Amino acid sequence: MTIEAILKEDIQKAVQKHFQLDNQEIILQPTKKEFEGFYTFVTFPLTKAARKAPAEIGQIIGDELIASSSLVAGFNVVQGFLNISLKDSTWLDLFGKISSDATFGTLPSNGKSVMVEFSSPNTNKPLHLGHLRNNFLGDSLSKILKASGYDVVKTCLVNDRGIHICKSMLAYRELGNGETPESSGIKGDHLAGKYYVLFDIEYKKQIKALVEQGMSEEEAAKKAPWILEAQQLLLLWENNDPETVALWQKMNNWVYEGFAETYKKIGVSFDKTYYESNTYLLGKDIIEEGLQKGVFFKKPDNSVWIDLTEEGLDEKLVLRGDGTSVYITQDLGTTELKNSDFGNDRYLWVVGNEQDYHFKVLFAILKRLGRTYAHGCYHISYGMVDLPSGKMKSREGTVVDADDLVGQMVQTASDRTQELGKIDDFNSEEAKQLYNQLALGALKYFLLKVDPKKRMLFNPEESIDFQGHTGPFIQYTYARIRSIMRKAEQAGISAEIPGDSYAMHQAERELVFALSQYPVKVVAAANEFAPSLISQYAFDLAKVYNQFYAEVSIFSDPDPEAVKLRVALSGAVAETIRKALGLLGIDVPERM
RNA sequence: GGUCCCGUAGCUCAGCUGGAUAGAGCAACUGCCUUCUAAGCAGUAGGUCUUUGGUUCGAAUCCAAACGGGAUCACCA
């Protein structure tokens with residue numbers, strides 16, 4: 001049982017005893033910094049039923065807690081706020097439990113499984129900043145869910161077919177001259193992306209030429225030779241034309257090699273990858289089933305629809321008149337496939353908020369079809385990453401490329417570290433590892449500290465910070481503590497918790513309190529699908545530690561009990577920072 | 001136009017299951033390295049929480065409307 005729960009119980013008993021109020025819900029909040037105490041009980045809600053003034057109620061409950069609660073050391077009442085201080089023995093006891101619990105912050109298995117689908121790239125262009133937000137969110141959520149007791153399956157659905165892929169294939173066939181990643185020295189995914197952009201340039205030229213001949217813009221866009229050619233290529237691909245399929249495979253393999261390199265660099269991996277080229281024909285049997293159940297209906301042109309006006313949505317096409325699939329058809333099929341492959345309790349999709357409507361429709365259809373797993377489906381919708389100039393567009397080349405950005409971050413980390421000159425004895429391999437840790441720490445933290453729902457602005461002109469509310473600040477705190485732990489080890493000082501007579505320093509109590517919040521935050525982050533709660537927590541913990549560090553001396557305190565306790569506290573904070581950052585996919589360095 | 005999301009300090013963001021004088025970081029200004037890592041700590045300054053109503057003992061937080069920004073309402077994925 002947590003301290004908070006015991007304290008609530010004690011307050012409840014006091015309320016019962018003095019005001020004869022049963023089943024009163026007790027809400028505790030952390031005490032504001034200006035006041036003494038750690039937990040605050042607000043008495044206003046009781047005033048009516050207890051027929052007493054708020055301050056008086058606070059006084060009565062406070063007196064009772066002193067008399068009967070084993071935890072409480074003192075209290076003060078400000079207006080209707082009862083601020084409660086705990087005994088040092090309570091803090092030490094709590095810290096003892098935290099530091100001896102190797103699985104602190106990791107909940108036991110809840111017997112449930114969850115699938116997290118994220119990343120979902122297109123194979124016609126390299127990953128960009130928006131993908132990074134997606135990848136980091138998905139990866140971090142997977143880790144948070146795992147820590148909170150779920151069995152987690154990470155999946156990725158690769159969009160490897162369609163007209164957009166044919167566009168890069170066409171441009172390559174016409175303009176490529178047999179160029180390869182090897183011959184050009186260009187990373188595979190970037191090479192494919194280059195031809196996607198070249199397609200667009202040529203396509204626009206053709207439209208412009210047609211418009212000059214008097215065609216309307218709209219018609220020109222449909223009649224330009226290259227778009228017709230690309231459509232032709234898609235047909236050939238769907239008919240398994242050997243030459244087209246060979247080109248498709250060749251270019252996709254380049255892209256996969258490029259992706260693999262990027263994923264490895266950013267530390268993201270999947271348990272299972274689905275390819276749309278394998279799943280795009282799925283879902284038609286579900287359409288048939290839905291027609292039989294009367295969930296769908298046919299229009300005269302043979303197209304199949306569902307009426308979702310009852311759910312506040314519109315009529316939605318689920319199969320074209322010519323019998324070919326649309327996006328929702330595929331997704332129905334893919335979801336069914338995922339369920340038969342894994343049979344999870346929950347299915348999560350980390351997908352941008354421009355697809356909010358799509359997922360509402362998908363889930364509504366699954367429910368109408370009577371799929372029990374539909375109730376475990378959830379779309380983790382996140383906002384776009386915008387540039388000061390507006391939206392990123394791959395076709396127009398106005399994207400912040402993931403590889404470039406990571407590269408720049410590594411460079412910045414390297415410059416900054418060398419300026420400080422603290423690791424001059426590192427060999428080049430060690431230094432390289434540190435720069436990577438710091439670069440990714442800064443980048444991941446930058447993208448994960450914000451509420452996923454909100455769109456965020458990225459200004460490429462201003463580099464991502466390494467000071468203040470950042471990943472490196474927290475990494476620094478860890479490295480700082482590790483240095484202390486090495487010193488303690490050398491001096492033969494062990495981490496120990498003093499006896500009950502020990503009078504704690506306020507900074508020590510604050511550290512124990514901060515540590516005790518970790519499991520609470522893990523659960524909240526898992527329930528709300530919000531890695532930002534962990535980000536915020538890790539920052540707060542690091543900040544509290546740095547205050548402690550500045551306020552007390554660890555090794556030169558005359559009291560050996562204080563020294564041992566502070567070493568123990570430091571060790572526990574380092575461990576908790578390591579775990580919390582680990583949930584964000586961020587590594588911690590021993591030195592920096 | 002319908003639906004959904006967002007609007008808090010110059011900037012980037014916390015806080016939102018109602019509670020005390022609304023918190024951080026960056027940027028600006030002041031201090032603190034002969035002592036455990038100054039990528040740090042302490043401090044100054046910066047706010048009609050978009051606006052207007054409502055509910056409440058109490059509203060940044062809940063409700064309604066307006067204004068501003070974004071997304072979506074494709075036989076694209």
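Note that the structure is predicted; figures quoted are calculated from it, not measured. So you know, we letter chains A, B, ... as the sequences are listed, proteins then strands, and number each from 1.
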It should be established whether A:R480 places a side-chain nitrogen or oxygen under 4.0 Å from OP1 or OP2 of nucleotide B:rC41. no

Below 4.0 angstrom from OP1 or OP2 of B:rC75, is there any side-chain N or O of A:K299? no

Looking only at B:rC36, B:rA77, B:rG40, the nucleotide nearest the A:F473 side chain is B:rG40

Residue met sooner reading RNA chain B from 5', once A:I484 and A:I27 are mapped to nucleotides: A:I27

Result for 5'-nearest mapping on RNA chain B, choosing between A:I163 and A:Q536, is A:Q536

Below 3.5 Å, does any donor atom in the side chain of A:S532 face an acceptor in the base of B:rA14, or the other way round? no

Test for a donor-acceptor pair under 3.5 Å between the base of B:rA20 and the side chain of A:N83, counting only N and O atoms. yes

When rounded to the nearest 0.5 angstrom, what is the spacing between CG in A:D307 and CG in A:D314? 9.0 Å

All N/O pairs under 3.5 Å across the protein-nucleotides 25-35 of chain B interface:
residue: B:rG25; atom: OP1; partner: A:K543; partner atom: NZ; Å: 3.3
residue: B:rG25; atom: O2'; partner: A:H469; partner atom: N; Å: 3.0

Atom pairs under 3.5 Å: protein N/O with N/O of nucleotides 67-73 of chain B:
residue: B:rC73; atom: O2'; partner: A:D314; partner atom: OD2; Å: 2.9

Taking only nitrogen or oxygen atoms into account, show me every contact under 3.5 Å that the protein makes with nucleotides 57-63 of chain B, one pair per line with its distance.
none

Just checking, is any N or O donor in the side chain of A:D465 or A:T470 under 3.5 Å from an acceptor N or O on the other one? no

